[in-house]
Amino acid sequence: MAIDAAQAAKHDWENTPWDERAAIMARIAEMLATKYRARINAATMLGQSKNCFQAEIDSACETIDFFRYNNHYASKLYAEQPASANDQLNRTEYRPLEGFVFAITPFNFTSIASNLNMTPALMGNTTIWKPSTTALLSNYTDMRIFMEAGLPAGVVNFLPGKGSVISGVALKDKNFNAIHFTGSTATFKSLWKTTGQNLDMSWVRPAARTSSSSTTAPTRKRWPWPSCVAPSNTKARSAPPPRVPTSPLRCGTT
């Protein structure tokens with residue numbers, strides 16, 4: 001059901017202008033900095049046995065920084081384009097992965113749990129979130145904040161449970177495309193091994209395309225879009241995006 005929800009949400013989310021996705025991230029950062037700062041710190045203290053100082057550094061400060069810095073760096077990434085001569089126009093179009101990202105998050109940092117999901121989401125991906133069983137309270141609190149901030153249903157799918165059971169389904173699904181993981185070396189090796197065994201079952205596509213338009217006859221064929229992922233708004237998404245301010249954003253401001 002979580003995979004189906006991620007795939008159902010994918011088309012609309014990846015075609016949402018990137019600055020609108022960034023606006024949601026900025027709103028989450030502001031909510032964590034103000035309205036829900038005490039609550040997310042308390043959830044981290046209660047669920048992960050951190051003291052107030054440790055929780056403030058992790059679940060408040062670092063999580064807020066992740067959201068704001070990610071917006072800044074995304075703006076720099078999207079603005080990065082190849083040089084063009086007078087008789088040509090070179091451009092790079094950035095697009096998300098074809099399937100879902102499987103985010104497996106750790107017990108020790110609330111900020112990492114948030115970042116492993118929301119960074120892929122900022123770039124237009126959808127995720128299946130398998131939280132640590134010993135960090136459920138803070139992770140669930142974060143998920144509720146994401147939803148209140150306007151993250152569409154299905155973009156991040158919060159799925160607590162036994163890791164081996166969830167991985168056993170997710171890693172074999174044809175729509176599985178990437179793992180975003182922080183945890184033990186042993187778990188990583190197990191995930192890596194299983195992924196390699198199922199490599200032929202997953203979608204493998206390049207994450208970006210570079211094309212060139214020239215006033216002279218082309219010397220080689222353009223790389224074609226796979227028929228299953230041809231974008232409906234290529235022209236709209238190819239335009240240079242607006243830059244996100246580096247200063248903290250507040251809700252209701254432009």
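Quick note: residue numbers are just sequence positions, from 1. Owing to the predicted nature of the structure, the values given are computational and were not obtained by experimental measurement. Only this structure's heavy atoms are used, side chains among them; waters, hydrogens and symmetry mates stay out.
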The test is side-chain contact (heavy atoms from CB on, under 4.5 Å); show your working for Leu159 and Ile166 and say whether it passes. CA-CA 8 Å; Leu159 188 62; Ile166 297 172; 3.9 Å; yes
Derivation and outcome, side-chain contact (heavy atoms from CB on, under 4.5 Å), residues Met123 and Leu97: CA-CA 9 Å; Met123 306 310 291; Leu97 301 171; over 6 Å; no
Worked check of side-chain contact (heavy atoms from CB on, under 4.5 Å) between Thr63 and Ile40: CA-CA 10 Å; Thr63 310; Ile40 192 62; over 6 Å; no
Dump the intermediate steps for side-chain contact (heavy atoms from CB on, under 4.5 Å) on Tyr36 and Thr141, then the final yes or no. CA-CA 9 Å; Tyr36 289 115; Thr141 302; 5.9 Å; no
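The CD atom of Gln88 sits 13.5 Å away from atom CZ of Arg91, with the distance rounded to the nearest 0.5 Å. How far OG1 of Thr44 is from CG of Asn108: 11.5 Å, rounded to the nearest 0.5 Å. The OG1 atom of Thr110 sits 4.0 Å away from atom CD of Gln48, with the distance rounded to the nearest 0.5 Å. Rounded to the nearest 0.5 angstrom, Cys61 SG and Glu56 CD are separated by 4.0 Å. The distance from the CG atom of Leu32 to the CZ atom of Arg68 is 9.0 Å, given to the nearest 0.5 Å. The line from CG of Asn70 to CG of Asn115 is 5.0 Å long, rounded to the nearest 0.5 Å.
For the pair Asn139 (side chain) and Pro131 (backbone), a donor-acceptor distance under 3.5 Å is absent. Judged purely by atom type and a 3.5 angstrom limit, Ser190 has no side-chain atom pairing as donor or acceptor with the backbone of Ala186. Formation of a donor-acceptor pair under 3.5 Å by the Asn117 side chain with backbone atoms of Ala113 is found in this model. Side chain of Glu14 to backbone of His11: no donor-acceptor contact under 3.5 angstrom is found. Remark: the backbone N or O of His72 is paired with a side-chain donor or acceptor of Ser75 at under 3.5 angstrom.
At least one side-chain heavy atom of Thr195 sits under 4.5 Å from a side-chain heavy atom of Phe176. Ile112 is not listed as a side-chain neighbour of Thr105, based on a closest heavy-atom distance of 4.5 Å or more. Taking the side chain as every heavy atom from C-beta outward, Met45 and Asn51 never approach each other to under 4.5 Å. Looking only at side-chain heavy atoms (C-beta outward), Val156 and Leu151 come within less than 4.5 Å of each other. Looking only at side-chain heavy atoms (C-beta outward), Ile24 and Pro152 come within less than 4.5 Å of each other. Contact of the Phe102 side chain with the Ser167 side chain is registered, since non-hydrogen atoms from C-beta on lie closer than 4.5 Å.
Considering Thr127, Thr126, Asn157, Asn125 in turn, Thr126 is the only one that fulfils the side chain to side chain contact (heavy atoms under 4.5 Å, CB included) rule with Phe100.
When all heavy atoms are compared, the tightest approach of Ala121 to Trp13 is O-NE1, 2.9 Å. When all heavy atoms of Met31 and Ala149 are compared, the pair lying nearest together is SD-CB, 3.7 Å. For the residue pair Pro106 and Ala135, the shortest heavy atom distance occurs at O-CB, 4.1 Å. A pairwise comparison of heavy atoms in Thr133 and Gly161 identifies CG2-O, 3.9 Å as the closest pair. Considering every non-hydrogen atom in both Gly124 and Arg21, the closest pair reads N-NE, 3.5 Å. Of all heavy-atom pairs spanning Gln81 and Asn90, the tightest one is OE1-O, 4.5 Å.
When the side chains of ILVMFWY residues are joined at heavy-atom separations under 4.5 Å, either directly or via intervening members, Met143 and Phe109 end up in two distinct hydrophobic clusters.
Using bins of under 30°, 30° to 60° and over 60° for the plane-to-plane angle, the ring pair Phe158/Trp129 lands in the perpendicular bin.
Cation-pi geometry between Lys130 and Phe181 is not met: the NZ or CZ atom fails to fall both under 6.0 Å from the ring centre and inside 45° of the normal.
The hydrophobic cluster containing Met1, built from Ile/Leu/Val/Met/Phe/Trp/Tyr side-chain heavy atoms closer than 4.5 Å, comprises no other residue.
Shown here is Phe107, whose CZ atom has no more than 12 heavy atoms of other residues, nucleotides or ligands within 6.0 Å. The environment of Arg37 atom CZ is dense: over 12 non-hydrogen atoms of other residues, nucleotides or ligands sit within 6.0 angstrom.
Between the side chains of Ser184 and Thr187, at least one donor N or O lies within less than 3.5 Å of an accepting N or O. In this model, no donor atom of one side chain and acceptor atom of the other lie less than 3.5 Å apart for Ser114 and Asp142.
The list of salt bridge (charged side-chain N to carboxylate O under 4.0 Å, His left out) pairs with a residue in residues 147-165, not counting sequence neighbours, reads Lys35-Glu148.
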